[in-house]
Amino acid sequence: MRLSRYFMPTLRDAPADAQIVSHRLMLRAGLVRQEAAGIYAWLPLGLRVLRKIEQIVREEMDRAGAVEILMPTLQLADLWRESGRYDDYGEEMLRIKDRHERDLLYGPTAEEVVTDIFRSYVRSYKDLPKNLYNIQWKFRDERRPRFGVMRGREFLMKDAYSFDVDEAGARASYNRMFLAYLNTFARMELQAIPVRADTGPIGGDLSHEFIILAETGESEVFAHRDLVEMGAPGPDIDWFGDLQPLVDQRTRLYAASDEMHDQARFEAEAPPEKRMTARGIEVGHIFYFGEKYSKPMKAVIAGSDGVERPAQMGSYGVGVSRLVAAIIEASHDDAGIIWPESVAPYGVGIINLRPGDAAVDAACERAYAALTTAGKEPLLDDRDERPGAKFASLDLVGLPWQLIIGPKGLAEGNVELKRRATGERQAMPLEAALKVIAP
RNA sequence: CGGGGCGUAGCGCAGCCUGGUAGCGCAUCUGCUUUGGGAGCAGAGGGUCGCAGGUUCAAAUCCUGCCGCCCCGACCA
């Protein structure tokens, strides 16, 4: 993409409304524009990041055996009356009427819809397990939207729903999601800590929140340090084998968010040098909730004994749009965003320091063509701006590499290659720089 | 929803207390000079001062109501 033809409205000053760093940087870098409290338009750069995150989530869901569908944003109130949640959900649900005076709602989640789909087609234990997911916009009429897209009223969520014939199967489904989440966040270069979460009235120990570490996060986490260092299991595990040991390994170490924290247990279970207290952002939440929806909605499955029983269900959420902000919170500096390579909107910014200079233009075009061919998605800054302005706006939008091409360097046969994350710069011939970026 | 704050040009702000017909920086446009970390000079354009009432000879400024937005708290991907 050439900046001269692009739409990347960067701002020198962030609007006063934006308080936290990710919100300020998202507005300054031209990723989003606020339309109302908690409601945002996604601009080209922000949309590209959102799509890349979405794609990573999709790939890891697919790998773990989940199957993508797309459910509507508008849902029938009658379905929610069946589960009993229409009256329970409260003011956060955006309720609307169509022209026939029928009650609809803009979905805050999709347990009812997916259960309705499931029960329409699946009858036998032989068809299980199933895990259906979608990546769709959700609406919650938050009392207090805040922190930009971190807590919006409209947000993009990946929500998966597992169906199993019994609790053992449901636990296996839960484990797949548990490990898939660790892989998902690891691909975004985030350190995610699974912490035991409140399961509410369902009980049991099968609910975890995934907190990513960021100094500016809203919640405090207390965790055994080994948990962070253990990292993700990686893609090459036997997804339909016994995952329990891998999960146990990661759940027996102490980890709690502030509301679940027990200092005495923490001190008993983790030696002082292993106790880590940090700030974090919740980016995922998984639950096993059994028959909560399948029972009232009569999503029943015939077992091998021929007896019909409600399906055992779990649900698994990832805040896709929230992740955009969370990644920025976890990865930025005074100059702007530092995108992990996997979610960067473009792979490399080519800075033409002197548009109109034939040699510089030619070198930029050569780099642009080579990097495009190599799949590195270059963004060529060919605007008629001063060098300083280009450096500043490329630092702000945070592409992993900057390839700086100007007359002075070219006279010596060199371009300059800068790593955004470290600030490290190196002069070298263009061909060498291209090899570094696209080996 | 309770508490606090803020709405003046695209963005950041001053002016309001003490009413007299709107200003600064950045951005934008034109010209010239510049060009390796957000240039300099000269000129230009752009504002129903959130909205609606009221007080007054006169309202951005005072009063009332409403709307919007932000922050803290209680709740949440």
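Every chain is numbered from 1 and lettered A, B, ... according to where its sequence line falls, protein lines coming before strand lines.
Aromatic stacking of A/Phe155 on B/A77: satisfied, with centres closer than 5.5 Å and planes within an angle under 30 degrees.
Checking B/U30 for Watson-Crick or G-U wobble geometry (two distances, each under 3.5 Å) identifies B/A42 as its partner. Nucleotide B/U61 has no partner under the Watson-Crick or G-U criteria, as no pair reaches both atom distances under 3.5 Å. Across all strands shown, B/G7 forms a Watson-Crick or G-U wobble pair with B/C67, both key distances being under 3.5 Å. Pairing for B/G12 is with B/C24, a Watson-Crick or G-U wobble pair whose two hydrogen-bonding atom distances lie under 3.5 Å. Of the nucleotides present, B/C1 is the one that pairs with B/G73 by Watson-Crick or G-U wobble criteria, both distances under 3.5 Å.
Atom name P, nucleotides B/G31 and B/U18: the rounded distance is 50 Å, in whole Å. Using P as the reference atom, B/C41 and B/C26 are 9 Å apart when rounded to the nearest Å. The C1' atoms of B/G68 and B/G25 are separated by 26 Å, rounded to the nearest whole Å.
Note: A/Trp80 and A/Tyr89 have perpendicular aromatic rings, judged against thresholds of 30 and 60 degrees for the angle between ring planes. Ring geometry for A/Tyr106 against A/Phe139 counts as perpendicular: the plane angle is over 60°, on a 0 to 90° scale with 30° as the lower cut. In this pair, A/Phe210 and A/Phe185 present their aromatic rings tilted. The plane angle is within the 30 to 60° band. Relative ring orientation between A/Tyr293 and A/Phe289 is described as perpendicular, the plane-to-plane angle rising above 60° on a 0-90° scale split at 30° and 60°.
The nucleotide whose nearest atom lies closest to any side-chain atom of A/Arg12 is, among B/C72, B/C11, B/A27, B/A27. With B/A77, B/G12, B/A74 as the candidates, the nucleotide lying closest to the side chain of A/Arg143 is B/A74.
For A/Gln34, a side-chain nitrogen or oxygen approaches OP1 or OP2 of B/C70 to under 4.0 Å. For the pair A/Arg144 and B/A74, the criterion of a side-chain N or O lying under 4.0 Å from OP1 or OP2 is not met.
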Produce the list of close N/O pairs, under 3.5 Å, pairing protein atoms with atoms of nucleotides 32-35 of chain B; give distances to one decimal.
residue: B/U34; atom: O2; partner: A/Arg386; partner atom: NH1; Å: 2.5
residue: B/U35; atom: O2'; partner: A/Arg354; partner atom: NE; Å: 3.0
residue: B/U35; atom: O2'; partner: A/Arg354; partner atom: NH2; Å: 3.1

All N/O contacts under 3.5 Å from nucleotides 43-45 of chain B to the protein, with atom names and distances to one decimal?
none

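Neither side chain, A/Tyr6 nor A/Asp381, offers a donor N or O lying under 3.5 Å from an acceptor on the other. Side chains of A/Asn175 and A/Gln244: a donor on one and an acceptor on the other come within 3.5 Å. Side-chain atoms of A/His285 and A/Tyr181 include no donor-acceptor pair closer than 3.5 Å.
Here A/Arg425 lies in heavy-atom contact (under 4.0 Å) with a base. Using a 4.0 Å heavy-atom criterion, one finds that A/Ala36 contacts the sugar-phosphate atoms exclusively. Counting any heavy atom pair closer than 4.0 Å across all strands shown, A/Gly148 reaches no nucleic acid atom.
Annotation: A/Glu229, atom CD; neighbour count of heavy atoms from other residues, nucleotides and ligands within 6.0 Å is above 12. The environment of A/Glu167 atom CD is sparse: at most 12 non-hydrogen atoms of other residues, nucleotides or ligands sit within 6.0 angstrom.
Looking at heavy atoms from C-beta onward, A/Arg140 lies in side-chain contact with A/Met157 at the 4.5 angstrom threshold.
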